[in-house]
Amino acid sequence: METRKIFVINGGQVFGHSGGRFNHTIFNATLNFFKSQPGFEIRSTDINHDYDPAQEVENYVWADVIIYHTPIWWFQVPNGLKKYIDVVFTEGHQKGIYKSDGRSSANPDINYGTGGLLQGKKYMVTTSWNAPATAFTLPGEFFNQHSVDDGVLFGFHRMNAFTGMTPLTGIHFHDVEKNADIVNDMKLYQEHLTKTFINQKQENEYLSNSYN
């Protein structure tokens, strides 16, 4: 059985009034999920702790799938996660994350964003929000019916595309400050992980065996 390598990043920063508890819970749930399943290797980083940029680059290069866990603060990822990305991706220039912006001097108008070195790898992101889900879906509400992925996370997804990675379906947790339902959120997340990584893996193995 082929082993899949999973690199998990906790971007749930401890800052101000935020203790990062929700994302730490999600982070630990992810680690426990993969540790309980055969056929996975796992590495992890918590951005609240010291890290070696060169080792983090190696983690990206090693992994088949990168999983990001982040709250959304003021419609962006926290400053600690942004710093992590800036530091690690800069360290990864021509060392495994990206070689260039993809353009050539002969025709600089085309091929921007094609210089990534992580082709074939996938990523998944979870986010947590004070905003309710209806703020994204109801006419006249704050996000004008733009989804999390097409709105606030658009730049985040383009960042990962720049490296050559492609997305797995993520999951977003809403209203976690005023109306938190941790039990149900954890249930939904376990179901999401099972569907994304276990059911899909079994389907792929079945198809592979059928053609062999």
Side-chain angles (χ1 to χ4, degrees), residues 1-12 20-47 51 55-72 77 81 84-85 88 92 96-97 116-129 133 147-150 153-154 156-174 176 181-212:
M1 180 172 60
E2 183 181 356
T3 299
R4 294 187 78 186
K5 295 173 283 190
I6 313 293
F7 176 40
V8 188
I9 301 168
N10 178 26
R21 292 184 298 275
F22 184 85
N23 279 276
H24 194 259
T25 299
I26 298 287
F27 176 66
N28 283 333
T30 304
L31 300 182
N32 291 333
F33 176 85
F34 287 110
K35 287 176 182 177
S36 70
Q37 300 289 339
F40 294 96
E41 294 181 48
I42 190 164
R43 294 183 185 180
S44 63
T45 291
D46 187 325
I47 60 95
Y51 50 84
Q55 178 59 51
E56 298 306 299
V57 172
E58 202 279 321
N59 289 339
Y60 271 86
V61 173
W62 168 85
D64 298 310
V65 179
I66 289 85
I67 298 177
Y68 300 94
H69 297 304
T70 182
I72 299 298
V77 300
L81 178 56
Y84 172 89
I85 291 165
V88 174
I97 292 183
L117 296 172
L118 298 178
Q119 286 89 356
K121 300 180 185 296
K122 297 184 181 297
Y123 71 94
M124 189 186 88
V125 59
T126 76
T127 64
S128 57
W129 295 76
S147 70
V148 172
D149 293 291
D150 292 335
L153 283 190
F154 178 81
F156 184 88
H157 287 302
R158 288 294 84 200
M159 173 198 80
N160 285 284
F162 191 94
T163 72
M165 292 193 287
T166 56
L168 295 169
T169 301
I171 184 170
H172 308 300
F173 302 97
H174 297 282
V176 299
D181 186 349
I182 303 300
V183 172
N184 189 57
D185 283 343
M186 290 300 98
K187 178 177 179 291
L188 291 174
Y189 185 52
Q190 292 289 327
E191 291 172 354
H192 181 79
L193 288 175
T194 299
K195 178 181 178 182
T196 304
F197 292 97
I198 306 304
N199 295 352
Q200 188 62 51
K201 184 178 182 182
Q202 291 172 346
E203 181 179 338
N204 291 341
E205 289 175 351
Y206 173 79
L207 291 174
S208 177
N209 292 333
S210 297
Y211 286 103
N212 287 337

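Nothing here was measured: the structure is a model prediction, and the numbers come from that model.
Thr196 places no side-chain N or O within donor-acceptor distance of the main-chain N or O of Leu193, the cut-off being under 3.5 Å. The backbone N or O of Gly164 lies less than 3.5 Å from no partner atom in the side chain of Lys121, so there is not a single donor-acceptor pair. Although no hydrogens or angles enter the test, the distance criterion places a donor-acceptor pair under 3.5 Å between the side chain of His192 and the main chain of Thr169.
Residues Arg4 and Val65 approach most closely at NH2-CG2, 3.3 Å, considering heavy atoms. Nearest heavy atoms, Ile47 versus Leu81: CD1-N, 4.0 Å. Of all heavy-atom pairs between Val88 and Val57, the closest is O-CG2, 3.4 Å. Shortest non-hydrogen contact noted between Gly170 and Met124 is CA-CG, 3.9 Å. The two residues Ser128 and Asn23 have their closest heavy-atom pair at OG-ND2, 2.9 Å. A pairwise comparison of heavy atoms in Ala63 and Ile66 identifies CB-CD1, 4.0 Å as the closest pair.
Ion pairing between a basic and an acidic side chain is recognised when a charged N comes within 4.0 Å of a carboxylate O; Glu191 and Lys187 show such pairing.
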**Message:** With side-chain contact (heavy atoms from CB on, under 4.5 Å) as the criterion, how do Asn160 and Leu118 come out once you've worked through the C-alpha distance, each side chain's angles and the decisive distance to 0.1 Å?
**Reply:** CA-CA 9 Å; Asn160 285 284; Leu118 298 178; over 6 Å; no

**Prompt:** Yes or no on side-chain contact (heavy atoms from CB on, under 4.5 Å) for Ile42 and Phe33, after CA distance, side-chain angles and deciding distance?
**Reply:** CA-CA 10 Å; Ile42 190 164; Phe33 176 85; over 6 Å; no

**Request:** Show the numbers, then the answer: is there a ring-ring contact (aromatic ring centres under 6.0 Å, His included) between Tyr68 and Phe156?
**Result:** CA-CA 11 Å; Tyr68 300 94; Phe156 184 88; 4.9 Å; yes

**Prompt:** Could you walk me through whether Val148 and His174 pass the side-chain contact (heavy atoms from CB on, under 4.5 Å) check?
**Reply:** CA-CA 11 Å; Val148 172; His174 297 282; 4.0 Å; yes

**Prompt:** Can you list the steps and then say if Phe173 with Tyr189 is a side-chain contact (heavy atoms from CB on, under 4.5 Å)?
**Reply:** CA-CA 9 Å; Phe173 302 97; Tyr189 185 52; 3.9 Å; yes

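Two residues are said to be in side-chain contact when any heavy atoms from C-beta on lie closer than 4.5 Å; Thr45 and Phe7 meet this criterion. No side-chain heavy atom of His172 sits less than 4.5 Å from a side-chain heavy atom of Ile72. Side-chain atoms of Pro71 and Phe22, non-hydrogen and from C-beta on, never get closer than 4.5 Å to each other. Taking the side chain as every heavy atom from C-beta outward, Phe40 and Ile198 approach each other to under 4.5 Å.
Within the structure, the salt bridge (charged side-chain N to carboxylate O under 4.0 Å, His left out) test picks out the following pairs touching residues 27-43 (sequence neighbours left out): Arg43-Glu58.
Checked options Asp46, Asn10, Thr30; the residue passing with His69 is Thr30 (criterion: side-chain hydrogen bond (donor to acceptor under 3.5 Å, both in side chains)).
Between Phe34 and Phe197, the ring planes are perpendicular. Angles over 60° get that label, and only those under 30° would be called parallel.
To the nearest 0.5 Å, the span separating NZ on Lys5 from CG on Asp64 amounts to 5.5 Å. To the nearest 0.5 angstrom, Asp181 atom CG is 10.0 Å from Met186 atom CE. Between Leu117 atom CG and Thr163 atom OG1 the span is 9.0 Å, to the nearest 0.5 Å. The line from CE of Met165 to NE2 of His157 is 11.5 Å long, rounded to the nearest 0.5 Å.
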